[in-house]
Amino acid sequence: MRYYSTNKQAPTADLQKAVVKGLAEDRGLYMPEHIKPLPKEFFDDIDRLSFQEIACTVADTFFGEDIEKEELHRIVCDTLQFDCPVVSVTDSIYSLELFHGPTLAFKDVGARFMARLLQYFIRRESNHKNVHVLVATSGDTGSAVANGFLGVDGIHVHVLYPKGKVSPIQECQFTTLGRNITAIEVDGVFDDCQALVKSAFMDEELNRHLMLTSANSINVARFLPQAFYYFNAYARMKALGKADRLVVCVPSGNFGNITAALFGHRMGLPISRFIAANNANDIFFNYLRTGIYEPKPSRQTIANAMDVGDPSNFARIYDLYGGDHAKITQLISGATYSDEQIAETMACCHRETGYVLDPHGACGFRALSEGLQEGEYGVFCETAHPAKFRDTVERIIGEEIAIPERLAEFMKGKKQSVEMSKDFADFKRYLMAL
Ligand SMILES: *Cc1c(COP(=O)(O)O)cnc(C)c1O
């Protein structure tokens, strides 16, 4: 499969190049040249297949031309060592729980898949050397990437994070791992971390010395595998007899997760329509309303993983529908909620159903509660476990919540980190010594 850039000013790339480089030369996002539909028979019988079986078929469609079937299926099964179940919240609204992975958020799926795909490419090269992944994080991405790559041979991950600006729950998920993961505590803010990573990718001497790659969320190997769980959600809803008019609602920030769902739809997944639920960062919502895409500085909210003022994957959605605003609004509607509305939804849902939402999932649940029509069923993504936002959630629902075992384990671990100034010369010296 060839991948083209959404900016159309760069040469196409093969899968390996698209994964290792992440971004095209013209700074556009890579898109597969073809999205092959799956046969109707696959959907007729899908409810009899397991999550892993479904995911393997979907993976064949995306990556089958580039990786031997057996290897690909091994990568998929190794990635999906946890379930993504649909759980009933009300009679018509179901939660697609994407928090059963190692760091309790959906990003585990993409990060684990990308780590294994990268390892496959390294092994295939005859003169393979170690690959170094550089990732800057303000919290959540670092933990998903670090844990996704943990123990993967031939790859070392360096997570740069701003000292004192990451919550203790987030910090412990990438500073206690050891092995092939190094946490780098930068004396600065998130933007300084990102600037260090960018400078490293542009430094010729460094790139001759080390094989460097990024693992950011616009990477095709991170966002495409997220389609797996939408097919599975459809299958499980079909088994319940509730899939005929299915609405999928995705709490969205950078719009990678919903883009994966839209790829699924293009492959024939019978979803009636989609809702992109936003917090107060309403750029996409406004685009749907006006046809004008106007990025804004991001606003801080209690659903902070969605605090994005210029969602990168908008370019992919725009490209997928040839920039046709009418087509996009026909299939996707939007919602935007203030912190007060998010909190009210969490409290109300807990009181009336007993289900504990995290602030991101709450946007999804609310959009379905307000937007479902007679005869429709809805599935929203519960993108993270509420315990990841423990203080906020407990304050709102007025109750203590249980901390899952794997999160408690992280919190018991011993923190290890390398201290670093925000001066690139220091960071370069550190990398050159590897
Ligand atoms: C990353 C993230 C989101 C936003 O997902 P996008 O793919 O960027 O739209 C939502 N919720 C949580 C918990 C996240 O970590």
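In listed order, ligands and their atoms are each counted from 1.
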Completion exercise
The reported gap from OH in Tyr318 to OH in Tyr293 (rounded to nearest 0.5 angstrom) is 12.0 Å
Problem - Parallel, tilted or perpendicular: ring planes of Phe274 versus His265, cut at 30 and 60 degrees - result: perpendicular
Practice task
List every atom of ligand 1 that sits less than 4.0 Å from any heavy atom of Ser252, numbering the atoms from 1 in the order shown and giving each element.
Solution key: 9 (O)
Problem - Ring centroid separation Phe365 to Phe380 under 6.0 Å - result: yes
Completion exercise
Residue, atom and distance of the protein heavy atom nearest atom 7 (O) of ligand 1 read Asn257 N, 2.9 Å
Fill in the blank from the handout: The atoms of ligand 1 lying under 4.0 Å from a heavy atom of Met306, numbered in the order shown, are 10 (C)
Practice task
Measure the distance from atom 4 (C) of ligand 1 to every protein heavy atom, then report the residue, atom name and distance (to 0.1 Å) of the closest one.
Solution key: Gly253 N, 3.7 Å
Completion exercise
Per-atom filter on ligand 1: closer than 4.0 angstrom to a heavy atom of Gly256 are 6 (P), 7 (O), 9 (O)
Problem - Selected option - heavy-atom contact closest to atom 14 (C) of ligand 1, from His385, Glu382, Gln226, Lys107 - result: Lys107
Problem - Closest protein heavy atom to atom 12 (C) of ligand 1, given as residue, atom name and distance to 0.1 Å - result: Thr383 OG1, 3.4 Å
Handout entry: Cation-pi geometry met for Arg266 and Tyr321 (6.0 Å, 45°)
Key = yes
Problem - Phe223 near ligand 1 by a heavy-atom separation under 4.0 Å - result: no
Handout entry: Sidechain-backbone polar pair: Asn219 side chain, Asn216 backbone, donor-acceptor under 3.5 Å
Key = no
Handout entry: Test: Asp187 and Lys163 ion pair at under 4.0 Å
Key = no
Exercise for the section: Look at atom 5 (O) of ligand 1 and say which protein heavy atom is nearest, naming residue and atom and giving the distance to 0.1 Å. Expected result: Phe106 CZ, 3.3 Å
